[in-house]
Amino acid sequence: GSDGALYSLKIESNRATLAAGYTHNGSNFDFAVIRLTSSGALDTTFFTAGAAITPIGSQTDIAYALIDYGDQSFFIIGEANNGADMDFAIARFNPDGTLAGSGTLDRAFGTNGIARFAGGTVVHSTLQTDGKLILGGETSLDTSGYIARVTTGGHLDTSFKASGLGFLNVGPTNDATVASTVRTDGSFLVVGGAADVGALAVYAYTIDGNLDTSFLTTGYRVELESI
């Protein structure tokens with residue numbers, strides 16, 4: 001479509017570029033990912049003429065993050081409108097731009113390469129050493145920010161905070177998590193805050209999703225003024 005935006009990109013080993021975001025389909029927006037050659041031209045060997053357009057549902061879908069899985073497959077991650085609010089949405093792709101499970105390699109993920117869960121927007125994502133995804137952002141299920149973990153098969157990981165989803169309470173409302181990174185031992189850090197009280201926070205988690213009390217004894221730090 002002629003209307004859209006790209007939010008995330010990565011440079012591949014051959015200097016090609018993958019970029020993800022959304023594009024207009026004539027009625028609403030769909031996930032979109034493009035590949036450019038090292039010279040900046042659309043890579044016509046990638047899906048259809050260098051672009052893969054993927055509807056998650058029948059309404060607006062927007063991708064904010066792109067994650068390389070390490071075997072040249074990749075995820076694009078964001079939100080899908082369900083008619084009332086937003087769902088978390090993830091699509092896994094083969095290296096050629098086809099959805100996982102539809103190529104020659106078995107990369108079964110969710111339903112036909114797509115996983116979606118009720119409750120919010122994925123703003124950031126990172127890959128753990130065991131191949132599971134850590135997601136975070138804003139949720140309509142609570143006034144808090146959230147973190148979630150998704151298995152390699154595209155399901156919420158119930159070994160993580162019982163349901164696969166946990167909430168971060170920084171301020172009374174308007175909380176969100178905005179970035180995450182994984183340590184070499186599989187534990188991870190999450191950064192977030194609460195706009196209504198001007199609070200910033202860093203949370204440290206063990207690999208199983210519990211607060212890491214070796215980090216400031218509490219597992220987190222909250223600053224009540226902008227840095």
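All values below come from the heavy atoms of this structure, side chains included, with hydrogens, waters and symmetry mates left out. Residue indices begin at 1 and follow the sequence shown.
Annotation: side chain of Y203 is not in contact with side chain of I147 (no heavy-atom distance under 4.5 Å). Looking only at side-chain heavy atoms (C-beta outward), V33 and L18 come within less than 4.5 Å of each other. A 4.5 Å side-chain heavy-atom check between Q128 and I207 finds at least one atom pair inside the cut-off. No side-chain heavy atom of Y205 sits under 4.5 Å from any side-chain heavy atom of F215. Contact of the Y64 side chain with the H124 side chain is not registered, since no non-hydrogen atoms from C-beta on lie closer than 4.5 Å. Looking at heavy atoms from C-beta onward, F74 lies out of side-chain contact with I67 at the 4.5 angstrom threshold. In this structure, V182 and L189 have side chains that are not in contact, with every pair of non-hydrogen atoms separated by 4.5 Å or more. For the pair Y69/F75, a side-chain contact is recorded, criterion being any heavy-atom separation below 4.5 Å from C-beta on.
Summarising the geometry of G209 relative to F160, their closest heavy-atom pair is CA-CE1, 3.2 Å, with the distance given to 0.1 Å. The shortest non-hydrogen separation linking K132 to T152 is N-CG2, 4.3 Å. Taking all atoms of both residues into account, the shortest heavy-atom contact from Y7 to I62 is CE1-CG2, 3.9 Å. Annotation for A32 and I76: closest pair O-CD1, 4.2 Å, computed over non-hydrogen atoms. Contact detail for S159 and D157: the closest heavy-atom pair is OG-OD1, 2.7 Å. When all heavy atoms are compared, the tightest approach of G113 to L99 is O-CD2, 4.2 Å.
Residue L42 holds its CG atom at 11.0 Å from OG1 of T17, rounded to the nearest 0.5 Å. How far OG of S163 is from CZ of R149: 12.0 Å, rounded to the nearest 0.5 Å. Atom OG1 in T181 sits 11.0 Å away from atom CD1 in I134 (nearest 0.5 Å). Atom CG of D61 and atom CG of N28 lie 7.0 Å apart (nearest 0.5 Å). Annotation: the span from F31 atom CZ to E79 atom CD amounts to 8.0 Å, rounded to 0.5 Å. Of the inter-residue distances, the one linking R116 atom CZ with M86 atom CE reads 10.0 Å to the nearest 0.5 angstrom.
With hydrogens and angles ignored, the 3.5 Å screen pairs a side-chain donor or acceptor of S8 with a backbone N or O of L66. Without hydrogens or angle criteria, T213 side chain to T217 main chain gives no donor-acceptor distance under 3.5 Å.
Tested against F117, the residues D87, V150, V122 include a single side chain to side chain contact (heavy atoms under 4.5 Å, CB included) partner, V150.
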Next on the checklist: Test side-chain hydrogen bond (donor to acceptor under 3.5 Å, both in side chains) on N94 and D96; report intermediate values, then the result.
Outcome noted: CA-CA 5 Å; N94 296 310; D96 63 0; 4.5 Å; no

Next on the checklist: Walk me through whether L135 and T126 qualify under side-chain contact (heavy atoms from CB on, under 4.5 Å).
Outcome noted: CA-CA 7 Å; L135 312 177; T126 192; over 6 Å; no

Next on the checklist: What verdict does the side-chain contact (heavy atoms from CB on, under 4.5 Å) test give for D3 and T23, after you've listed the backbone C-alpha separation in whole Å, the side-chain angles of each residue and the deciding distance to 0.1 Å?
Outcome noted: CA-CA 6 Å; D3 190 9; T23 189; over 6 Å; no

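Residues R183 and D212 are paired through a salt bridge, judged by an N-O separation under 4.0 Å between the basic side chain and the carboxylate.
Linking ILVMFWY residues whenever their side-chain heavy atoms come closer than 4.5 Å, directly or via other members, leaves I56 and L6 in distinct clusters. A single hydrophobic cluster is seen to contain both L133 and L165, as judged by linkage of ILVMFWY side chains at heavy-atom distances under 4.5 Å, directly or through other members. Two different hydrophobic clusters hold I34 and I11 under the rule that ILVMFWY side chains link at heavy-atom gaps under 4.5 Å.
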Indicate every side-chain donor-acceptor pair of residues 45-54 with a distance under 3.5 Å to a residue at least two apart or in another chain.
residue	atom	partner	partner atom	Å
T45	OG1	D43	OD1	2.6
T45	OG1	D43	OD2	3.2

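Partners of E12 by side chain to side chain donor-acceptor pair (under 3.5 Å), not counting sequence neighbours, listed by chain and number: R35.
Within 6.0 Å of the CG atom in N112, the count of heavy atoms belonging to other residues, nucleotides or ligands does not exceed 12.
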